[in-house]
*Asks:* 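Please find one structure pasted underneath; my questions will follow.
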Amino acid sequence: MNIFKSVRSRRKELGLTQKQLATKASVSLSVVQQLEGGKPYNPKSKSFFKVAKALEVEIDLLLFGRAWSEGKGL
């Protein structure tokens with residue numbers, strides 16, 4: 001699973017909209033949209049860590065696309 005699918009999948013598991021995730025992570029909606037967009041995107045590491053924290057997962061789950069059941073939450 002790639003990063004954009006990982007972010008989208010976990011967000012949906014938590015029942016969050018893109019806007020809700022952006023608010024929870026204290027990032028702009030465009031950051032979430034770009035992370036889920038499947039297009040080349042190089043987010044600032046600070047934003048990416050905020051999104052991972054808001055999704056309640058360790059950063060490596062998003063980066064390496066491991067299944068949630070294989071990893072641990074925060």
*Asks:* State, yes or no, whether a side-chain contact exists between Leu35 and Phe48 at a heavy-atom distance under 4.5 Å.
*Replies:* yes
*Asks:* Partners of Gln33 by side-chain hydrogen bond (donor to acceptor under 3.5 Å, both in side chains), sequence neighbours excluded?
*Replies:* none
*Asks:* Taking NZ, NE, NH1 and NH2 as the nitrogens, is one of them in Arg11 or Glu36 under 4.0 Å from a carboxylate oxygen of the other?
*Replies:* yes
*Asks:* By side-chain hydrogen bond (donor to acceptor under 3.5 Å, both in side chains), which residues pair with Thr23, not counting sequence neighbours?
*Replies:* none
*Asks:* Working to the nearest 0.5 angstrom, can you tell me the gap between Gln18 CD and Ser30 OG?
*Replies:* 10.5 Å
*Asks:* Using the salt bridge (Lys or Arg N to Asp or Glu O under 4.0 Å) criterion, which residues pair with Lys24? Sequence neighbours excluded.
*Replies:* Glu56
*Asks:* Compare every heavy atom of Val31 with every heavy atom of Ser47, then report the nearest pair and how far apart it is.
*Replies:* CB-CG1, 4.2 Å
*Asks:* If you group Ile, Leu, Val, Met, Phe, Trp and Tyr by side-chain heavy-atom gaps below 4.5 Å, do Leu14 and Phe49 land in one group?
*Replies:* yes
*Asks:* In Å, rounded to the nearest 0.5 Å, how long is the span from CZ of Arg10 to CG of Leu21?
*Replies:* 11.0 Å
*Asks:* Looking at residues at least two apart in the chain, or sitting in another chain, which of them share a side-chain contact (heavy atoms from CB on, under 4.5 Å) with Ser26?
*Replies:* Lys50
